[in-house]
Amino acid sequence: MALLCISPQTNGEEWRDLFCAEIPDLDFRIAPEIGNPEDIEAALVWGRSLDSLKDFPNLKMIASLGAGVDHVMAERHLIPKGVPLTRLIDPAMTAQMTEWCVMATLNHLRRWDDYRALHRQRRWDELAVPIPWDTTIGVLGMGELGGDASRVLAAMGYQVRGWSRSPRERDDITCFHGHETLQEFLAPCDVVICLLPLTPETEDLLNAETFGWMKRGAHVVNAARGRQIVDADLIAAIDSGHLSGATLDVQRAEPMPDDHPFWYHPRIMTFAHVAALTVPRTCVPQIAANYRRMKAGQPLENVVDLDRGY
Ligand code: NAP
Ligand code: GLV
């Protein structure tokens, strides 16, 4: 029986070496070299690549090579009934994401761009910056990634509030849940960080109305998915002076087209979907452990709730 890598964007050879170090007798195949479809028991997926799953009658596990599964959910009809989908929950990914969110927050709050401009002019000026406990940071999504970013930001002294779907209790963070609390949640935030999964409920969530609920001068940080922001509404909110700017790791179309206005906007900084990369070395052991559980007929870990969509 075999594990098949069908992710077009993944270096299958690198994953094969790491998997075979974990499970020496593993038959690891890389699409399109599938061999006998009846051999395939597990599939590694990333990007839209699910067409072939229907051909594997013995498939028992699908592993997303990322934390988000919107790429798989977009092809949910191609997931064979009853086959569990797992995702990555990886400390290395979480640490990278927290680091990136802290960077985006500090660059804004400590006015990196303004100081760089002064540096270029050889000007020794002092600019006003807020003290941490007078600053409110809102984290949309209090899961693996938002939970950790909010913990670190709270430890740095900021007033941190978190928003989720279901109730959460945290000593260090003011927690809100449900769409009906979103306006109250956003109102005092100086920085709003989006770490929500992309689902029908979160698509276009950051739009003219919700930007309007943010306070004047708020800075928007998106490290989740580009389709959670209505691009034109963001630009309008910044151009009107209501928002101070945005730091965006993710975009609607990736890579962003050359003519996308985000490239040219002086108050928007973009990154190439790099906030938290999948590190094969740290991710293979958890997928291999799930593979062993699957072989032993045990329940898998990090299973996605297909109805919830994340
Ligand atoms: P997670 O553990 O599943 O957490 C998701 C959080 O969002 C949970 O707190 C959940 O609420 C909340 N949520 C979901 N739908 C909601 C809704 N409709 N209203 C309010 N809250 C809602 O996910 P994660 O591991 O933290 O990852 C989050 C996302 O980050 C991924 O889905 C992916 O898109 C993105 N990501 C980006 C990068 C990058 O490099 N830019 C890397 C990795 C991941 P509950 O607590 O109530 O369930
Ligand atoms: C990256 O965006 C991921 O979801 O892992």
Side-chain angles (χ1 to χ4, degrees), residues 7 9-10 44-48 63-74 85-101 103-104 138-152 160-170 173 175-186 192-207 210 221-229 246-252 254-256 269-280 282-283 286-287 301-310:
S7 161
Q9 288 119 298
T10 299
L44 306 180
V45 302
W46 180 251
R48 300 213 172 175
S64 164
L65 298 182
V69 291
D70 45 291
H71 61 109
V72 185
M73 293 308 298
L85 167 68
T86 65
R87 72 181 190 108
L88 295 177
I89 297 181
D90 176 43
M93 194 178 259
T94 304
Q96 292 177 75
M97 181 57 85
T98 295
E99 179 184 51
W100 189 88
C101 291
M103 173 192 71
V139 180
L140 295 163
M142 288 291 285
E144 294 298 324
L145 302 179
D148 192 67
S150 58
R151 176 186 65 78
V152 170
V160 181
R161 35 179 57 203
W163 188 70
S164 52
R165 217 164 69 120
S166 51
R168 298 244 161 185
E169 290 216 6
R170 291 267 299 256
I173 287 155
C175 293
F176 295 75
H177 69 277
H179 202 275
E180 58 286 1
T181 67
L182 187 57
Q183 184 168 7
E184 181 193 355
F185 169 83
L186 291 173
V192 176
I193 301 175
C194 181
L195 282 171
L196 292 163
L198 178 64
T199 67
E201 288 79 45
T202 66
E203 182 158 9
D204 297 334
L205 183 76
L206 297 175
N207 57 38
T210 52
V221 175
N222 191 10
R225 289 293 185 260
R227 281 166 53 198
Q228 288 156 339
I229 286 188
T247 308
L248 309 173
D249 184 50
V250 285
Q251 326 298 338
R252 273 179 185 261
E254 296 179 354
M256 261 193 316
M269 175 67 189
T270 61
F271 289 75
H273 199 143
V274 291
L277 300 174
T278 296
V279 181
T282 64
C283 294
Q286 64 173 272
I287 304 173
E301 293 189 347
N302 306 337
V303 174
V304 173
D305 179 336
L306 295 182
D307 292 329
R308 212 175 52 164
Y310 67 97

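Read the numbers this way: they start at 1 and go in the same order the structure lists the ligands and their atoms.
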Students should find this: residues with any non-hydrogen atom under 4.0 Å from ligand 2. What is the answer?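 Those residues closer than 4.0 Å to ligand 2 by some heavy atom are Trp46, Gly66, Ala67, Gly68, Met93, Arg225, His273.
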
What residue among Asp249, Leu206, Ile229, Val139 forms side-chain contact (heavy atoms from CB on, under 4.5 Å) with Cys194?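 When Asp249, Leu206, Ile229, Val139 are each tested with Cys194, the side-chain contact (heavy atoms from CB on, under 4.5 Å) holds only for Leu206.
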
May I ask you to list the atoms of ligand 1 that are less than 4.0 angstrom from any heavy atom of [X]?
{"X": "Ala223", "result": "36 (N), 37 (C), 38 (C), 39 (C), 41 (N)"}
{"X": "Met97", "result": "37 (C), 38 (C), 39 (C), 41 (N), 42 (C)"}
{"X": "Ser164", "result": "9 (O), 11 (O), 20 (C), 21 (N), 46 (O), 47 (O)"}
{"X": "Val250", "result": "41 (N)"}
{"X": "Leu195", "result": "28 (C)"}
{"X": "Glu201", "result": "18 (N)"}
{"X": "Ala67", "result": "43 (C), 44 (C)"}

Pair listing, salt bridge (charged side-chain N to carboxylate O under 4.0 Å, His left out) test, anchored in residues 65-74, at least two apart: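 Those involving residues 65-74 are Asp70-Arg225.
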
Thr199 near ligand 1, heavy-atom distance under 4.0 Å?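 Thr199 does not count as a contact of ligand 1 under the 4.0 Å cut-off.
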
With a 4.0 Å cut-off on heavy atoms, is Arg168 touching ligand 1?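 It does, in that a heavy atom of Arg168 comes within the 4.0 Å cut-off of ligand 1.
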
Partner residues of His71 under the ring pair (Phe, Tyr, Trp, His ring centres under 6.0 Å) criterion, sequence neighbours left out: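 Expected list: Trp46.
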
Of the listed options [options], closest to [atom] (non-hydrogen atoms):
{"atom": "atom 5 (C) of ligand 1", "options": "Ser166, Ala275, Pro197, Gly309", "value": "Pro197"}
{"atom": "atom 11 (O) of ligand 1", "options": "His273, Arg165, Arg308", "value": "Arg165"}
{"atom": "atom 43 (C) of ligand 1", "options": "Leu145, Val69, Leu140", "value": "Leu145"}
{"atom": "atom 23 (O) of ligand 1", "options": "Met93, Arg87, His71", "value": "Arg87"}

If you draw a 6.0 Å radius around CZ in Arg227, do more than 12 non-hydrogen atoms from other residues or ligands fall strictly inside?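 Open.
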
Residue, atom name and distance, where the atom is the protein heavy atom closest to [atom]:
{"atom": "atom 40 (O) of ligand 1", "answer": "Ala276 N, 3.0 Å"}
{"atom": "atom 3 (O) of ligand 1", "answer": "Tyr310 CD1, 3.3 Å"}
{"atom": "atom 9 (O) of ligand 1", "answer": "Met142 N, 2.9 Å"}

With sequence neighbours excluded, what pairs up with Ala74 under the side-chain contact (heavy atoms from CB on, under 4.5 Å) test?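 Once residues adjacent in sequence are excluded, the partners of Ala74 under the side-chain contact (heavy atoms from CB on, under 4.5 Å) criterion are Arg48.
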
Test salt bridge (Lys or Arg N to Asp or Glu O under 4.0 Å) on Asp305 and Arg87 and set out the steps. CA-CA 10 Å; Asp305 179 336; Arg87 72 181 190 108; over 6 Å; no

